[in-house]
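The next block holds one structure in the form of structure tokens; read it before the comments.
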Amino acid sequence: MRAVPTWAVVMAGAAPVLLVTGATVAGARQPTGYDPIRDTISELAGQGATDAWIMVGCLVLLGCCYLATAAVLHAAGLPSRFLLAVGGVATIALVAFPRPKVGGSPGHGTVATVAVLALTLWPACSALWLPRGPDAGHPARPEPPWAFRRPVALSVTALLLSLFG
């Protein structure tokens with residue numbers, strides 16, 4: 001199994017930091033009517049947001065982090081890497097379909113749903129695609145990494161789906 005390059009580990013670690021930092025900084029720049037519990041991150045990058053460029057930049061960088069991670073995370077298997085890449089592209093595409101100041105947008109809703117579902121389901125995809133454990137027919141084949149074993153990856157996906165719901 002190929003080792004993951006250090007830069008890819010940095011990119012994967014930067015993704016949640018970018019999301020949290022971007023949302024925190026952009027949220028602090030909003031007028032008093034913005035509520036981070038009630039309102040979405042999309043509003044921070046949408047039309048009418050104060051300093052929308054902060055969240056727009058974070059979303060583009062976040063999508064690039066997902067794409068870079070998908071490019072080199074060979075241990076996850078191709079189908080799950082594809083879902084992670086789709087999530088990255090959809091995250092970047094959110095910038096092209098900003099949330100309007102008032103009301104909704106079918107384009108934004110579609111892209112946001114694709115992003116969230118792809119990023120939520122990719123761990124389960126790796127868990128279901130990769131072998132469960134040691135393969136008696138191929139003893140030299142290594143076991144999947146701990147994070148991609150079925151109980152772990154399916155639990156993560158279940159948690160993410162419950163948060164999405």
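This one's a predicted model, so the numbers in the text were calculated from it and none came from an experiment. Because only heavy atoms are used, hydrogens play no part in the values below, and waters and symmetry mates are left out as well, while side chains stay in.
With values rounded to the nearest 0.5 angstrom, L121 atom CG is found 6.5 Å from T157 atom OG1. Rounding to the nearest 0.5 angstrom, the gap separating the CG atom in L59 from the CD1 atom in I54 is 12.0 Å. For the atom pair CG (L78) and CG (L73), the distance works out to 11.5 Å, reported to the nearest 0.5 Å. The CG atom of L61 lies 11.5 Å from the OG1 atom of T21; values are rounded to the nearest 0.5 Å. In this structure, the separation between CZ on R150 and OG on S155 is 13.0 Å, given to the nearest 0.5 Å. For the atom pair S42 OG and L94 CG, the distance stands at 5.5 Å (nearest 0.5 Å).
Between A12 and P16 the shortest heavy-atom distance is O-CD, 3.3 Å. Nearest approach of A15 to Y66, heavy atoms of both residues: CB-CE2, 3.9 Å. The minimum heavy-atom distance between R81 and A76, with the atom names listed, is CG-CB, 4.2 Å. Scanning both residues, G46 and A52, for their nearest heavy atoms gives O-CB, 3.9 Å. The two residues A45 and P98 make their nearest non-hydrogen contact at O-CB, 4.2 Å. For the pair C125 and S80, the tightest heavy-atom approach, listed with the atom from each and the gap, is SG-N, 3.6 Å.
Residues M11 and V9 share a single hydrophobic cluster, defined by chaining ILVMFWY side chains whose heavy atoms lie under 4.5 Å apart. Placement of L83 and L161 within a single hydrophobic cluster is found when ILVMFWY residues are connected by side-chain heavy-atom separations under 4.5 Å, directly or transitively. When the side chains of ILVMFWY residues are joined at heavy-atom separations under 4.5 Å, either directly or via intervening members, V60 and L44 end up in a single hydrophobic cluster. When hydrophobic clusters are built by joining Ile, Leu, Val, Met, Phe, Trp and Tyr residues whose side-chain heavy atoms come closer than 4.5 Å, directly or via intermediates, V95 is not grouped with L67.
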Pair V86, W122 - check side chain to side chain contact (heavy atoms under 4.5 Å, CB included), show working. CA-CA 10 Å; V86 166; W122 82 267; over 6 Å; no
Step by step, would you call C65 with L18 a side chain to side chain contact (heavy atoms under 4.5 Å, CB included)? CA-CA 9 Å; C65 287; L18 274 167; 3.8 Å; yes
Could you pull out every donor-acceptor pair under 3.5 Å between side chains of residues 31-39 and any protein atom, sequence neighbours left out?
{"residue": "D35", "atom": "OD1", "partner": "I37", "partner atom": "N", "Å": "3.1"}
{"residue": "R38", "atom": "NH2", "partner": "G33", "partner atom": "O", "Å": "3.1"}
{"residue": "D39", "atom": "OD2", "partner": "D35", "partner atom": "N", "Å": "2.8"}

Return a table of donor-acceptor pairs under 3.5 angstrom between the side chains of residues 113-120 and protein atoms on other chains or two or more places apart.
{"residue": "T113", "atom": "OG1", "partner": "G109", "partner atom": "O", "Å": "2.7"}
{"residue": "T120", "atom": "OG1", "partner": "V116", "partner atom": "O", "Å": "2.6"}

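Applying the salt bridge (Lys or Arg N to Asp or Glu O under 4.0 Å) test to residues at least two apart or on different chains, none of the pairs has a partner in residues 100-118.
With hydrogens and angles ignored, the 3.5 Å screen pairs a side-chain donor or acceptor of H108 with a backbone N or O of F97. Using a distance-only test at 3.5 Å, with no hydrogens or angles considered, no donor-acceptor pair links the side chain of T50 to the main chain of Q30.
The side chain to side chain contact (heavy atoms under 4.5 Å, CB included) test with M55 singles out one residue from I41, L62, V25, and that residue is I41.
The 12-atom threshold is not exceeded at CH2 of W53, counting heavy atoms of other residues, nucleotides or ligands nearer than 6.0 Å.
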